[in-house]
Amino acid sequence: MKVLVTGGLGFIGSHTVVALQEKGYEVVIIDNLSNSDISVLDGITRITGVRPEFEKTDLRDKAKVIDFFNRYNDIEGIIHFAASKAVNESVHQPLLYYENNIGTLIYLLQQMQEKAVRNFIFSSSCTVYGEPDTLPITESAPVKPALSPYGNTKQIGEEIIRDTAKAYPKFKSIALRYFNPIGAHPSGHIGELPLGVPQNLVPFVTQTAAGIREVLSVFGDDYSTPDGTAIRDYIHVVDLAESHVIALERLFENRQKTNFEIFNIGTGRGSSVMEIIKTFEKVNTLKLNYKIVGRREGDVTAVWADTDLAEKELGWKARLTMEDALRDAWHWQQNISAK
């Protein structure tokens, strides 16, 4: 069975490719390498012993999307990661985000209908909830006006998929609203590989520990949280990858209750930025150079998931700890710093 993974050389995509191959699926990757590196293919191959098919394609080019589906007419499921994903960057470059995150989704869905590809997993985000009224967040929490263009693209993306599901009853989709992925594959062969200045916390932590960055900036210590720093639900990327495989199999086996379902994917526990820093120092026996700076536009105070629905319906639950994730992230950083 052949599965297309868009953005499959990115952080979450590459780990999902590994999880798919370990389950025996054939994988085709589309990636434009805008925020990834071709060397990730080698890492995937070292872990699984199988080199996935790869197409360097920019999904913003509709003609190339059509050409791909004309050549690959045996795709049975799609997991769609390819998107720009930095909250702060989206505030300053909104048009880039709307073009890259919305246009590409539409082109994919059009070809799915054209070629009768029925099964679609969408990489969504807890950003759709905005600043939550209550915690933990359930899937029934209101979707509020987005605090950033990135968050808005995920809201709009879900609306597009919902409307597509209404119009085409044979189309089946699951949106996974996941929280904050961290860590790396325990082998150290793949991990988070941001190009340029990292947009996420943990790569900045590991790069500071490795001496690549002089200092780690903590964006705000005046939030209404126990230690004043923002709280997020940090999930190991290996757990997150496995949730995509389980969700896709739910569609393949026609176990879904409606043809568009939504699940939170997190640990069900919130951790502050300072907790991440202190835990990283503890598990890796080192000290980080960090400083407190002003808040970032678009950041919310605290977000963590209620994961009961995913546990009940998908049969999925996070099993790896924050300590595991921060140990694996540092192992990955040491490997790439040694090259």
Side-chain angles (χ1 to χ4, degrees), residues 1-33 35-55 57 59 75-83 85 104-105 108 117 119-126 154 157 173-194 200 234-252 263-267 310 314-320 324-325 328-329 332:
M1 193 173 287
K2 187 169 285 186
V3 177
L4 169 63
V5 180
T6 72
L9 295 186
F11 178 38
I12 306 167
S14 60
H15 288 80
T16 302
V17 170
V18 166
L20 285 164
Q21 289 187 330
E22 289 177 340
K23 279 291 193 79
Y25 292 99
E26 292 183 68
V27 178
V28 183
I29 294 171
I30 284 179
D31 202 302
N32 68 0
L33 303 178
N35 193 34
S36 57
D37 192 273
I38 193 65
S39 64
V40 176
L41 265 180
D42 297 328
I44 293 170
T45 306
R46 281 194 291 271
I47 295 168
T48 67
V50 178
R51 193 172 187 85
E53 293 184 72
F54 172 69
E55 293 268 337
T57 298
L59 293 174
I75 301 291
E76 296 192 49
I78 297 174
I79 303 180
H80 181 43
F81 293 108
K85 62 182 181 62
T104 58
L105 172 63
L108 277 176
V117 182
N119 306 294
F120 188 69
I121 304 296
F122 180 59
S123 167
S124 193
S125 170
C126 65
K154 291 302 182 183
S173 181
I174 293 175
L176 299 179
R177 290 175 177 169
Y178 40 81
F179 286 65
N180 290 62
I182 60 173
H185 194 273
S187 67
H189 293 316
I190 58 173
E192 192 163 7
L193 188 65
N200 296 330
Y234 294 97
I235 178 172
H236 198 301
V237 67
V238 170
D239 280 334
L240 181 56
E242 289 177 353
S243 74
H244 290 79
V245 181
I246 292 170
L248 188 63
E249 289 177 337
R250 180 177 175 87
L251 298 183
F252 285 154
F263 297 101
N264 286 338
I265 303 295
T267 66
L314 291 181
W316 172 91
K317 184 177 182 179
R319 56 185 177 81
L320 298 169
D324 294 326
D328 291 339
W332 160 247

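As a basis for the values below, the full set of heavy atoms in this structure was taken, side chains included, without hydrogen atoms, waters or symmetry mates. Starting from 1, each residue takes its place in the sequence as its number.
- Remark: side-chain polar atoms of Trp316 are not paired, donor with acceptor, to backbone N or O of Glu242 under 3.5 angstrom.
- With a 4.5 Å cut-off on side-chain heavy atoms, His244 and Val3 do not count as touching.
- Here the shortest heavy-atom pairing between Leu59 and Ala82 reads CD1-CB, 3.9 Å.
- At least one donor-acceptor pair under 3.5 Å links the side chain of Lys154 to the backbone N or O of Ser123.
- Within 6.0 Å of atom NZ in Lys23, 12 or fewer heavy atoms from other residues, nucleotides or ligands are found, so the atom counts as exposed in its surroundings.
- The minimum heavy-atom distance linking Ala19 with Val245 is given by the pair CB-CG2, 3.6 Å.
- Proximity of a side-chain donor or acceptor of Ser173 to a complementary backbone N or O of Phe120 within less than 3.5 Å is detected.
- For Phe81 and His15, the ring centers are positioned 6.0 Å apart or more.
- For Thr57, there are no side-chain hydrogen bond (donor to acceptor under 3.5 Å, both in side chains) partners two or more places apart in sequence or in a different chain.
- Checking Thr45, Ile44, Ile47 one by one against His189, the side-chain contact (heavy atoms from CB on, under 4.5 Å) holds for a single residue, Ile47.
- Salt bridge status for Arg51 with Asp42: present, with a side-chain N to carboxylate O gap under 4.0 Å.
- Residues Leu314 and Ile265 are in side-chain contact: their nearest non-hydrogen atoms beyond the backbone lie under 4.5 Å apart.
- No hydrogens or angles considered: a donor-acceptor pair under 3.5 Å links the side chains of Glu249 and Tyr25.
- Checked by atom type and distance alone, the side chain of Asn119 pairs as donor or acceptor with a backbone atom of Glu76 at under 3.5 Å.
- Side-chain contact check for Asn35 versus Lys85: some heavy-atom pair is nearer than 4.5 Å.
- When side chains are defined from C-beta on, Phe11 counts as touching Pro181, because their heavy atoms get closer than 4.5 Å.
- Taking all atoms of both residues into account, the shortest heavy-atom contact from Ala329 to Gly183 is CB-CA, 4.0 Å.
- Between Leu248 and Leu20, some side-chain heavy-atom pair lies under the 4.5 Å cut-off.
- The closest side-chain heavy-atom distance from Ser36 to Leu193 is not below 4.5 Å.
- Contact annotation: the side chain of Thr16 never approaches that of Val27 to less than 4.5 Å [non-hydrogen atoms, C-beta and beyond].
- Applying the side-chain contact (heavy atoms from CB on, under 4.5 Å) test between His185 and each of Ile190, Asp328, Val237 identifies Ile190 as the sole match.
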